[in-house]
J.: 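Here it is, the structure in full.
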Amino acid sequence: MGSKFEKFMELCNAIKACNRCKLGVTALCGEGNLDARLMLIAQSPGRLENLQQRMFVGPSGKVLDRLLEKAGVDRGEIYMTNLVKCHLPHNRRPKQREIEACSDWLEEEIALIRPEILVPLGYFATKYLFEKNGLKIPEKRDFHLVYGKLIWTGKVKIYPLPHPASLLYNPQLEEEVARHYRKLSVFKRECKWRRVCPMMRYYEEGKLDRRWIELFCKGDWESCKRYQLEERGIWHPDNMLPDGSIDESLD
Ligand code: SF4
């Protein structure tokens, strides 16, 4: 048994002692709010993260802090971890066998924290979650199109974001990347209209597909047409779906 914190400490100790692959010297455990709705998953710790045994303390950490601040999200509200727990020499890309050796740790973290939304940062973490959940992996040249899109797989929600380090090389993308990160503040909580919204009643009565609830009511409620009309005090029919279309089968 044991508390969530005790289980977390046990898991961290096991991660730090890991020798499942040749990288295993100073593995870095994830950190943050153990009850977080959002779990950010980066690729691997950088040199400074490795030295200080803290998540995102290097140059990309500064970028992340800026993006979180702009989004109105505090580090204390989220949980952050890595796909590969050890620093990769010369910041090289992770090898498939290293990801395979290490990803069980990530799965254990996900099972323990039970976040509402998984937020992979960058190519490798996103590719890993897509593969694991049977999602089609876009061609590399189109990969950027998955960033900033909330996905419901039928089991989990995934919201891929560009890695903060990408802005160190492409600072001109800051506005676009910041726009994607801003959604994290929406995902921090569920829609405030949930208790009285007919969509919830339809779902509970088995008339509405769960994806509407996951993608809007417990996800991007800010983009829900019903929410937007509600906020402006504009009438809308009960059978209007979150995307604004009408479902005549709902009464
Ligand atoms: S359908 Fe829209 S307004 Fe209703 S609870 Fe869901 S997000 Fe909120």
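Hydrogens, waters and symmetry mates are skipped; everything else that's a heavy atom, side chains included, is used. Remember, it's 1-based here, ligands and their atoms both numbered in the order they're listed. Quick note: residue numbers are just sequence positions, from 1.
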J.: To the nearest 0.1 Å, how far is atom 6 (Fe) of ligand 1 from its closest protein heavy atom, and which atom is that?
T.: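 Going atom by atom, the protein heavy atom closest to atom 6 (Fe) of ligand 1 ends up being Cys217 SG, 2.4 Å.
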J.: Identify, for atom 4 (Fe) of ligand 1, the protein heavy atom at the shortest distance, and state residue, atom and that distance.
T.: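 Result for atom 4 (Fe) of ligand 1: Cys197 SG, 2.3 Å.
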J.: Is the closest heavy-atom distance from Arg194 to ligand 1 below 4.0 Å?
T.: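 For ligand 1, residue contact (heavy atoms, under 4.0 Å) with Arg194 is present.
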J.: Find out if the SG atoms belonging to Cys12 and Cys29 lie under 2.5 Å from one another.
T.: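 A disulfide, yes.
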J.: Going by heavy atoms in the side chains, are Lys85 and Lys16 under 4.5 Å from each other?
T.: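 No, every pair of side-chain atoms sits at 4.5 Å or beyond.
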J.: State whether Arg92 and Glu98 are salt-bridged, where the test is any N-O pair (Lys NZ or Arg NE/NH1/NH2 against Asp/Glu carboxylate O) under 4.0 Å.
T.: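 The answer is yes: the pair qualifies as a salt bridge.
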J.: Kindly confirm whether atom 2 (Fe) of ligand 1 is within less than 2.8 Å of some N/O/S atom in Cys224?
T.: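 For Cys224, the answer is yes, given that an N, O or S atom comes within less than 2.8 Å of atom 2 (Fe) of ligand 1.
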J.: Which residue holds the protein heavy atom closest to atom 3 (S) of ligand 1, what is that atom called, and what is the gap in Å?
T.: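 Protein heavy atom with the smallest distance to atom 3 (S) of ligand 1: Tyr227 N, 3.6 Å.
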J.: Kindly state whether the ring of Trp221 and the ring of Tyr227 have centres lying under 6.0 angstrom apart.
T.: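 Yes, the ring centres sit under 6.0 Å apart.
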J.: Taking N, O or S atoms only and a limit of 2.8 Å, check whether Cys191 reaches atom 8 (Fe) of ligand 1.
T.: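 Checking atom 8 (Fe) of ligand 1 against Cys191, an N, O or S atom does fall under 2.8 Å.
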J.: Is Asp35 salt-bridged to Arg114, cutoff N-O under 4.0 Å?
T.: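 Here Asp35 does not pair with Arg114 in a salt bridge, since their nearest N and O are not under 4.0 Å apart.
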J.: Do Lys136 and Phe130 form a cation-pi contact, if we require the NZ or CZ to be under 6.0 Å from the six-membered ring centre and within 45 degrees of the ring's axis?
T.: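 So Lys136 doesn't make the cation-pi contact.
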J.: What's the shortest distance from atom 1 (S) of ligand 1 to any protein heavy atom, and which residue and atom give it?
T.: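 Ranking protein heavy atoms by distance from atom 1 (S) of ligand 1, first comes Met199 CG, 3.4 Å.
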